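The structure appears below as structure tokens.
Here the structure is a predicted model, which means the values were calculated and not measured. Chain A is the first sequence line, chain B the second, and so forth, proteins listed ahead of strands; every chain is numbered from 1.
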4 protein chains.
Amino acid sequence: MAGSVNKVILVGNLGRDPEIRQFPNGGSVASFTVATSESWKDRNSGERKEKTEWHRVAVFSEGLVKIVERYVKKGSKVYIEGQLETRKWTDNQGQEKYTTEVVLRNFGSTLTMLDGRDGPSGGRGVSEDGGSYGDSSPRQVDGPREDFSADLNDEIPF
Amino acid sequence: MAGSVNKVILVGNLGRDPEIRQFPNGGSVASFTVATSESWKDRNSGERKEKTEWHRVAVFSEGLVKIVERYVKKGSKVYIEGQLETRKWTDNQGQEKYTTEVVLRNFGSTLTMLDGRDGPSGGRGVSEDGGSYGDSSPRQVDGPREDFSADLNDEIPF
Amino acid sequence: MAGSVNKVILVGNLGRDPEIRQFPNGGSVASFTVATSESWKDRNSGERKEKTEWHRVAVFSEGLVKIVERYVKKGSKVYIEGQLETRKWTDNQGQEKYTTEVVLRNFGSTLTMLDGRDGPSGGRGVSEDGGSYGDSSPRQVDGPREDFSADLNDEIPF
Amino acid sequence: MAGSVNKVILVGNLGRDPEIRQFPNGGSVASFTVATSESWKDRNSGERKEKTEWHRVAVFSEGLVKIVERYVKKGSKVYIEGQLETRKWTDNQGQEKYTTEVVLRNFGSTLTMLDGRDGPSGGRGVSEDGGSYGDSSPRQVDGPREDFSADLNDEIPF
DNA sequence: TTTT
DNA sequence: TTTT
């Protein structure tokens, strides 16, 4: 299409440690959920209200997966720039389901740590060397999976 | 949560005329879908590939609903700024489903026409006076509905 | 213009305490500078490089000025959404100068604290009641000024 | 700095054809100005008001310079994502000046045509092959320049 | 279902 | 200097 833009910007905290999975072809994906919340005063009752929204995030960019592996964990506050993607899948009962995610691929995607203490400053110019980094490694799922998408969908309800 | 951001920016075209619904309490919602697409050259095959993503949009801001009613129709190119929201609902078979939408509420939400010919310049400072506007009115669903969310969910598969 | 967008998003830290000024007509403005920085590895030398950019910010939205007064101070990390504006002025030697600022007015502007400890969650739905809030009040410039813009320009070099 | 973001999003029209300059080292820059405008109804007088803002844009990303060369010209409507940079220079009278620009470098920068007729769909995955493209080539400044920044600053007043 |  |  001549000129379209698909961009999501989130600042929020991770609900759990990220999950990293290797693909048979060598690629990998980091997935996690991010909470954002709003609060407002109800017009009628005058009560303070709050609503939390959970966003499912999938990181496919190689450099950003490394950042996630080393620095991002449950509770981390992150700035994320990605794109919206909806994919169709079939659950165990044969029901068709749709899942919408914020996806970080190479171009125009960013992940920046906002916690201060740990981690690098920006998620783009990722240095390619490794190195552990304290003890905050994410929950690594061991080994390649084949039924990747069904597996992911079992765990998170949307 | 101390400091979160939930923002979606889309530039794309409407797949169909918007649908406007009145709520019993006087509010209204305009809903439509927006297509964005990307194209790239496949690394292996060298082929040109294209992928279109469909985004479900729901406009609750009173001023923006008016803009949509008057100026936005099938094929319109729009700039949209809203927030991601996922809601749970139950289909006719009693299955729980989740639908993720780009929602435009009052603050920080924008809808701007990018087609040039028709429409006002920006979706924020909406003048409160009415007036028809050519012949490009959207498909108006007549009258208030009670089972609003189930109804919407019948029509669009995600 | 049919469909234009002017938006700046910054995440960075304040270089100094904000400066608040009252206008004779009752309005006020909060101004401060925000640093963002990038680091990258130089392609030729392999050295780690870093560059800091300073952004001049002016907050005119009444609710956001209150937020700034109470919660924002030197070193605070903030998320800011505003618009770019360039204004012309004349310095003491009669030279014409141009200053570009990130301006926060009512619509679509946001300021969110990212420090965690202090402050409210979002800069939009600001409650209109007052209240001190610890000891972190910004450097308040006492009383209305008439030569507002020249005064500001004396202090910051761009 | 741990975690900063510097992002500008513009949708607007070019005031003139872009200017392309080659650097001695082989790089190039495309520069142009983009207009955005707002209109609102004055609270007191009830009059319709309009204000146009001019943004100076400098494109350093190699792929995006090609896009600009081929497709972007006076009057074109574009979507731009870049970062804010302020640089210091000295004019002919030895006066120090500051110029703030929206700069498009490699990562996270985008330029997308919104005019419909001409041009490719997105400014990121630029194909590296050439090709003229009708007659809409921008005003090409011939040959490399050495005093690049002074030269640019002569022409545009901020 | 849009658009190029 | 653009655009409506």
Problem - Atom-pair distance (CZ on B/Arg16; C1' on E/dT3), nearest Å - result: 17 Å
Problem - Aromatic-base stack, B/Trp54 on E/dT1, cutoff 5.5 Å, angle under 30 - result: yes
Handout entry: Separation of atom CG in D/Leu114 from atom P in E/dT4, rounded to whole Å
Key = 12 Å
Exercise for the section: Mind checking side chain to side chain donor-acceptor pair (under 3.5 Å) for B/Asp42 and listing every partner two or more places apart, or none if nothing turns up? Expected result: B/Ser45
Handout entry: B/Arg56 CZ - E/dT1 C1' separation (whole Å)
Key = 13 Å
Handout entry: Options E/dT2, F/dT3, E/dT1, nucleotide nearest the side-chain atoms of D/Asn13
Key = F/dT3
Exercise for the section: Look at the side chain of B/Thr33 and decide which nucleotide, out of F/dT3, E/dT2, E/dT1, has an atom nearest to it. Expected result: E/dT1
Practice task
Provide, to the nearest angstrom, the distance between the NZ atom belonging to B/Lys73 and the P atom belonging to E/dT1.
Solution key: 20 Å
Handout entry: Parallel, tilted or perpendicular, as decided by the 30° and 60° cut-offs, for the rings of D/Phe60 and D/Phe23
Key = parallel
Fill in the blank from the handout: B/Lys74 NZ to E/dT2 P, in whole Å, measures 5 Å
Practice task
Record whether the side chain of B/Thr52 comes under 3.5 Å of the base of E/dT2 through a donor-acceptor pair of N or O atoms.
Solution key: yes
Exercise for the section: Only counting residues at least two apart or in another chain, list the ones meeting salt bridge (Lys or Arg N to Asp or Glu O under 4.0 Å) with C/Glu53. Expected result: C/Lys51
Exercise for the section: Please check if the side chain of C/Asn6 supplies one atom and the backbone of C/Leu84 the other of a donor-acceptor pair under 3.5 Å. Expected result: yes
Problem - Euclidean distance, atom CG of residue B/Leu10 to atom P of E/dT1 [Å, nearest integer] - result: 21 Å
Exercise for the section: Measure the distance from OH on D/Tyr79 to C1' on E/dT4 and round it to the nearest whole Å. Expected result: 19 Å
Practice task
Grab the NZ-P distance between D/Lys77 and E/dT4 for me, whole Å please.
Solution key: 15 Å
